[in-house]
Structure formats: C-alpha cells, structure tokens
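What follows is a set of notes on a single structure, which appears directly below.
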4 protein chains.
Amino acid sequence: MLGVAAEVFAAHGYNATTVRRIADEAGLLAGSLYYHFDSKESMLDEILSAFINELWAGYDAVLAAGLGPRETVEALVTESFREIDRHRAAVAIYQKESGQLAGRPRFGYLDDSRRRFEQLWVGTLERGVADGVFRADLDIRLAYRFLRDTVWVAASWYRPDGPHGPEEIARQFLSMVLDGIAVSTGGTSQPRPR
Amino acid sequence: MLGVAAEVFAAHGYNATTVRRIADEAGLLAGSLYYHFDSKESMLDEILSAFINELWAGYDAVLAAGLGPRETVEALVTESFREIDRHRAAVAIYQKESGQLAGRPRFGYLDDSRRRFEQLWVGTLERGVADGVFRADLDIRLAYRFLRDTVWVAASWYRPDGPHGPEEIARQFLSMVLDGIAVSTGGTSQPRPR
Amino acid sequence: MLGVAAEVFAAHGYNATTVRRIADEAGLLAGSLYYHFDSKESMLDEILSAFINELWAGYDAVLAAGLGPRETVEALVTESFREIDRHRAAVAIYQKESGQLAGRPRFGYLDDSRRRFEQLWVGTLERGVADGVFRADLDIRLAYRFLRDTVWVAASWYRPDGPHGPEEIARQFLSMVLDGIAVSTGGTSQPRPR
Amino acid sequence: MLGVAAEVFAAHGYNATTVRRIADEAGLLAGSLYYHFDSKESMLDEILSAFINELWAGYDAVLAAGLGPRETVEALVTESFREIDRHRAAVAIYQKESGQLAGRPRFGYLDDSRRRFEQLWVGTLERGVADGVFRADLDIRLAYRFLRDTVWVAASWYRPDGPHGPEEIARQFLSMVLDGIAVSTGGTSQPRPR
DNA sequence: CATGAATGAGTGTTCATTCAT
DNA sequence: GATGAATGAACACTCATTCAT
C-alpha cells in the first residue's frame with residue numbers, strides 16, 4: 001500500500017496527490033487509509049525514511065570497504081543506481097519534494113542525510129584530487145553538485161523494466177563522468193576506427 | 001508582477017503557491033490579481049512561454065552559426081546557463097512542473113519544445129560521433145539525458161549573484177562533461193592500474 | 001463497562017467522547033463494544049435511565065414517608081446528594097447533556113422526570129409557604145430553579161473520596177438554603193455568640 | 001456574526017455545533033466564515049474573551065467602590081446577573097465548555113479568571129465572617145461553590161425578555177442566599193402578615 | 001467474544017475565483 | 001485598478017458502525 005502511495009506521489013507530486021486518489025488506486029475508500037496510516041504526511045515519511053535508511057546501509061557498506069577515491073566514486077554511483085532501481089518512486093519523490101520538506105522537524109533526517117551525503121562526496125573528491133586521480137583544476141563544489149544531481153535525476157526517467165539494468169547504467173554513466181564524452185585529444189591515443 | 005509570481009512558484013511549487021501569497025508579495029489583495037490575469041494557470045503559462053521563447057531564440061542563433069558538433073554543444077550549454085541566469089525562476093518551475101503539465105493542451109508548447117530539444121541534442125551528438133569528436137562507445141540516448149538533466153538541474157542551486165557567472169559555470173561544466181573529472185591517463189589509451 | 005463509559009462521558013462530554021476511547025479504557029477494541037451495546041447512544045441511555053430510576057426510587061421513598069414541607073425538602077436534598085455520591089458520573093452527564101437530549105423520543109423519560117421533579121419541588125415549596133414554614137415573599141419558580149440547579153451542579157465538583165460525605169454536604173447545603181449565609185439581623189432574634 | 005455563533009454554541013454545545021450550521025444561521029456558506037475568522041476555535045475564543053473582559057471590568061468597578069463584605073456580595077451578584085443579561089450565550093458556553101477548555105494554552109485566561117474569581121469570593125466571604133456579617137459555622141469553600149454555581153447556572157434558564165430584569169432577579173436571589181428560604185423561627189422576629 | 005479491516009457520512013478548513021462597490 | 005466579501009468545490013481527516021474471520 002505504501003508502494004501504491006509512492007507511485008502516485010512520484011507521478012503527480014505530493015501536494016497534488018489526493019488521499020482519495022491513493023485510496024482509489026489501492027482499491028478502498030479514502031477514510032480506510034487512516035486505519036493504516038496516521039496521515040498523508042506519515043505515508044510520505046515512511047516512504048522517504050525507508051529509502052534513506054536503505055541508501056545509507058548501502059553507502060556504509062561501500063565506505064567500510066576502504067577503497068581508493070576513484071573506486072569509491074564508482075561504487076557509490078553504482079550503489080546509487082541500485083537504489084534508484086529499488087526505490088525509484090521514493091527517489092523521484094525525494095527529488096521533487098525535499099526542497100519543501102527541508103527544515104520541517106519531522107523530516108529532519110533528510111537534512112541530516114543531505115549533509116552526510118555532501119561530506120561523503122566532497123571528501124571523496126578532495127581525496128581523489130590529493131591522490132592525483134581527479135583533476136585538480138575543477139571547482140570541487142561544482143563537481144559535487146554536478147555528480148549529485150546527475151545521478152539522482154536519473155530516477156525521473158529510469159524504468160526498472162527498461163533495457164539496461166542499474167549496473168549497466170552506472171557503468172555508462174561513470175564512463176561519461178570520469179572520462180567525458182569527448183574523444184580524448186591527447187597525442188596519438190585512442191585511435192578509433194569507424 | 002509576473003516576476004513575483006515566478007519567484008514564489010519556483011520557491012514553493014505551483015500547486016503549493018496560493019494566489020493570496022502572490023498577491024501579498026505583490027502588495028495587493030488576491031482578488032485584484034484577476035484584473036491583470038485570467039487565472040493562476042495563465043500566470044504559469046505566461047512565465048513558461050516567455051522563457052521557452054527566449055530559450056529558442058538563443059538556441060536558434062547558435063544553430064544559425066553552423067558550428068561543428070563540439071562547438072555546438074559548447075555554445076548550447078553556454079546559452080543554457082545564460083538562460084538559467086536570466087530566467088532562473090522559470091527554469092526551476094519548468095523543471096518541477098513540466099511533468100504534470102505534459103499533455104495539457106494549453107501547455108502543448110512544452111511538449112513541442114521538449115521534442116525539438118531532444119532532436120537538437122541527439123542530432124548534435126550523433127553528428128559528433130560520426131565526425132569522431134565524441135566517443136562512439138556511449139549510448140546516445142543516455143548521454144542526451146545525462147546532458148539535459150545536468151544542465152537544467154543547475155537552476156535549482158544557481159544564484160545570479162553567486163561567485164561564478166553563467167559563462168564560467170558553463171566552462172567548468174563543459175570541461176567535466178567533455179573531458180571527465182578523472183585525470184586523463186594519456187599515452188596509449190586508458191590503461192588503468194587500479 | 002457502563003461505568004467506564006459513564007466516567008469518560010462525564011469527563012469529556014458525550015459528543016467529544018469517541019467509542020474508541022471508551023474501548024481503550026475498557027481494554028478492548030472499538031468494534032468489540034458493539035457485541036455488548038447497540039450503539040454509543042444506547043450506552044448513554046442505559047447510564048441515564050439507571051440513574052433516573054434509582055433517583056425516583058429514592059424520592060418515592062421520601063414521599064411515602066409523608067413528611068412536612070421543610071422535612072421533605074431536607075429529605076429530598078439529602079437523597080439527592082446521596083444519588084450524586086452513587087451516580088456522580090451519570091449526574092454530571094445528565095447536567096451537561098440533558099439540554100441536547102430533551103425532545104428526543106428515546107430519552108423521553110428525561111422530560112418526564114424533569115416534569116415530575118418540577119411538580120414535586122414546586123408543590124413542596126407551595127405547601128411550605130401555605131404552612132408558613134417558607135417565606136411567602138419569594139418567587140416560587142425562581143426558588144425552585146435556585147434549589148434545583150444548586151443541588152445538581154454539585155456533581156461537577158463532588159468527589160466521592162472527598163472530606164465530606166453526602167449527608168454532611170447536604171446538611172451544610174440545607175443550612176445555607178434554609179437560613180441563608182448572612183447573620184440574621186432581625187431584632188432581638190437569633191443572638192449568636194462569637 | 002459572533003452573536004449568531006454564540007447563540008448556536010450555547011444552544012447545542014461547541015463540539016456539536018458545525019461550522020456549516022453557524023454559516024446557515026448567518027446566511028452564508030461555511031467557507032465564507034473563514035474570511036472573518038481563523039477557525040471555529042477562534043470564534044469561541046473571541047466570544048469568551050469578550051465576556052471575560054467585560055465581566056472583570058464590572059467586578060473591578062465593584063471592588064473599587066470599597067464596600068463592606070455584605071454589600072460587596074450584593075454588588076457582585078447584581079453585576080453577575082447584569083453580565084448574564086448582556087452575555088447570556090457566552091455565559092452558557094462558559095458554563096458548558098470551560099471544563100474541556102481548562103489547560104488549553106489559548107484559553108489560559110479562563111483559568112486565570114477562575115483563580116481571581118475564587119480569590120475574590122473566598123476573600124469576601126472570609127472578610128464577612130471576620131466582620132460578623134456572615135455566619136461563622138459554614139464551610140467557606142462550600143459556600144463559595146454554592147454561590148458561584150448558583151449565580152452562573154442561571155444563564156441556562158435566563159431569558160433577557162423575561163418578566164424580571166437582572167436587578168430584580170439579583171434581589172430575589174440575594175434574599176434567598178443571604179436570609180434563606182425558610183421563615184426565620186427566632187422569637188418574635190419577622191412577623192409576616194400574609 | 002474479540003479482532004482487524006473497511007465503510008461512508010460528515011467535519012473543519014482551504015483556495016481559486018467572482019463581483020458589486 | 002483595487003477592495004472586501006462571498007462562493008463552492010475540494011481536501012485531509014474523524015468516527016460510529018459493520019462484519020467476516
């Protein structure tokens with residue numbers, strides 16, 4: 001039933017979704033939802049917190065592996081696409097609503113998560129620059145935003161039953177992010193047929 | 001007055017913005033807005049169509065220049081950041097609401113724009129691959145989505161009075177997109193120790 | 001279980017009391033109450049009718065004793081405080097809700113009781129005036145209302161485990177009602193030490 | 001419009017009164033009420049606070065007169081009946097709802113008023129006992145409750161267009177409260193022709 | 001006897017919109 | 001051009017009640 005609600009929230013936005021609509025979709029009357037949930041907001045809460053918890057379980061596993069910066073980025077991005085695969089609706093909701101939700105005490109964990117997320121990514125990028133695996137001439141904060149948005153916005157078009165699984169999308173995505181879409185012009189490298 | 005409305009829509013979302021709020025911010029009463037506009041929806045319409053029109057004026061100028069694929073991408077991205085600079089609120093609204101608006105006759109121009117936009121980008125990318133300036137091993141549609149989202153999502157954090165102007169952001173952004181964030185391992189192509 | 005319901009009705013009002021609240025207090029679920037009672041209203045009905053029946057059993061016993069008017073008033077007041085002691089919750093409910101209940105067929109016995117009550121008191125007062133034991137210069141209907149309200153309103157503050165039992169409260173109360181709170185100034189009468 | 005609301009609240013109770021009912025009675029639609037009031041609760045608030053304020057204005061005038069205890073009681077009772085005459089509905093609401101309202105921060109002034117009221121009456125009674133104008137053998141707190149309830153409960157039956165004005169009712173009432181309803185049996189006092 | 005789930009009518013409230021002044 | 005008052009449809013939510021298990 002939370003799944004139904006998540007789909008409708010993702011498709012139409014939290015505010016624009018009426019409780020009747022969710023109930024319809026779930027095959028019961030509006031009032032009946034309140035046997036299962038305290039409020040419309042509590043549905044949103046459960047959807048988002050379940051997602052955030054799973055997300056960090058995945059991220060923490062990555063961190064525990066103690067990889068180098070580049071491998072950490074790869075693992076985090078791959079994990080992110082796996083989360084999009086599993087919680088597509090929740091991610092889409094988070095993308096759309098987190099702005100309005102920020103600062104509301106009940107959703108304080110969203111702010112906390114955002115802060116940890118930023119520290120994690122900025123830290124990893126800085127480590128990569130220090131280690132010489134990431135370019136030193138980039139604005140770290142800009143690169144962070146670039147990565148962050150780029151990964152999560154995928155939830156708006158990702159279809160779990162599409163041709164590519166999350167790992168494949170992550171691979172392609174990482175290829176673009178790490179090496180760029182342009183053919184490397186460096187010397188004689190990368191002779192490409194075609 | 002449209003500017004006021006655009007700011008409020010961008011900040012709180014179209015649905016969550018009440019007509020009273022806009023009126024308050026504009027210094028008059030809710031009813032008085034209806035002397036100037038037919039409806040709340042018509043405000044949204046004017047805001048979005050003004051933005052879409054200016055956007056395509058810029059893009060058409062780029063196209064008229066007849067540049068190569070890489071230079072076209074650079075010019076389109078730069079133009080996009082200029083539009084974000086000038087129509088930040090409208091872009092933010094577009095990002096948030098275009099999903100709900102799609103398919104509504106009144107906002108048909110949004111669908112048209114999206115279609116043209118896709119053709120433009122996909123065409124340019126394909127031309128670049130054919131010309132050997134973009135990597136041939138990438139999924140074109142994935143790359144398109146990647147570029148599209150990545151550019152526009154910037155409207156959600158861009159501040160016109162921030163440290164970087166639109167051109168500077170475009171430059172940094174293009175650097176990441178074209179060449180990647182990883183240090184190029186030049187020489188013979190990308191052998192990576194790991 | 002009726003006792004539980006009566007307490008909750010008395011404490012929060014009939015309308016403001018939810019069936020769930022009563023069930024909670026009784027240690028079962030809301031739906032389960034309906035095995036024992038037809039409806040929320042029928043609980044109210046049983047509570048009030050049990051009280052009214054006991055009240056009139058007491059009053060009828062007083063009447064059967066064939067006392068003089070002053071002694072009748074004393075006995076009725078004492079009996080009333082005994083009822084408050086035994087049915088505090090029911091009396092409080094009656095005080096609060098009888099207004100809304102008046103005229104509803106199901107609670108017709110409340111109207112009947114009120115009528116008999118009025119006849120009894122007004123009759124006793126009139127008899128007392130005729131006999132010269134009650135002052136002739138008072139408005140009988142005003143005195144009736146005064147006595148009536150004054151007795152029953154005690155249910156709102158009476159605590160069965162308080163310092164005074166019902167008989168003691170009745171005695172004090174009768175002393176005020178019959179002789180007043182002022183020190184009698186009449187001529188040489190009632191010289192009171194202290 | 002507050003008057004309309006007050007009448008309906010008084011007649012049916014605050015909880016049982018629907019906002020639609022008030023609107024009907026006022027000749028407009030339910031939603032329209034919200035142009036004039038923030039909420040149903042704020043109507044109750046305005047009604048009660050207006051009454052409480054006027055009540056204390058009256059009481060304070062009495063206190064400022066610096067009367068003796070008996071005259072103070074007479075003046076307070078008379079003033080109270082005048083308030084019932086002017087704010088009958090508000091008094092009835094207060095009587096019925098103050099129990100549920102107690103402790104709610106918004107209605108804290110009710111608690112304050114109740115406290116001042118109690119101090120005022122208990123103080124006056126004690127002064128009267130000390131001065132020898134009130135009987136020394138009565139429980140002061142009981143007498144206080146007796147007076148308090150007895151005065152205010154009159155709001156439940158008082159009709160502004162009835163045969164007696166507030167001053168006349170106060171006079172009769174004071175006669176009962178001060179001297180009792182019984183014929184004084186002391187010696188030769190109060191010979192009554194009849 | 002009790003539960004868990006559902007119902008449906010009703011509640012207070014919001015809000016885009018209208019319109020006489 | 002703007003105001004103040006009103007509208008009416010919709011909304012989230014409540015609650016007495018029902019009923020299969």
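Lettering follows sequence order; numbering is per chain, from 1.
Contacts between residues 20-43 of chain C and DNA chain E, defined by a heavy-atom separation under 4.0 Å, are made by Leu28(C), Leu29(C), Gly31(C), Ser32(C), Tyr35(C), His36(C).
By the side-chain contact (heavy atoms from CB on, under 4.5 Å) test, Asp149(D) pairs with Val153(C), Trp157(C), Arg145(D), sequence neighbours left out.
Here the P atom of nucleotide dG12(E) and the CG atom of Asn15(C) are 11 Å apart, to the nearest Å. For the pair His12(D) NE2 and dT11(E) P, the computed distance is 13 Å after rounding to whole Å.
Contact annotation for Val19(D): base contact, defined as any heavy-atom pair under 4.0 Å involving a base atom.
A salt bridge between Asp112(B) and Arg115(B) is present, with a side-chain N of the basic residue lying under 4.0 Å from a carboxylate O of the acidic one. Taking 4.0 Å as the cut-off between side-chain N and carboxylate O, Arg88(C) and Glu7(C) count as a salt-bridged pair.
Annotation: of the two residues near DNA chain E, Thr18(B) and Met1(A), the 5′-most nearest-nucleotide partner is Met1(A).
Between the CG atom of Leu101(B) and the CD1 atom of Ile93(B) there is a distance of 10.5 Å, given to the nearest 0.5 Å. The structure places CG of Leu2(A) at 10.5 Å from CG of Leu44(A), a figure rounded to the nearest 0.5 Å.
With Ser42(D) contributing its side chain and Asp45(D) its backbone, the two residues share no donor-acceptor pair below 3.5 Å. A donor-acceptor pair under 3.5 Å is absent between the side-chain atoms of Gln95(A) and the main chain of Ala155(A), judged by distance alone. Judged purely by atom type and a 3.5 angstrom limit, Glu97(C) uses its side chain to pair as donor or acceptor with the backbone of Tyr14(C).
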Dot-bracket assigned to DNA chain E with the 3.5 Å Watson-Crick/G-U criterion, [ ] for crossing and | for other-strand pairs, is .||||||||||||||||||||

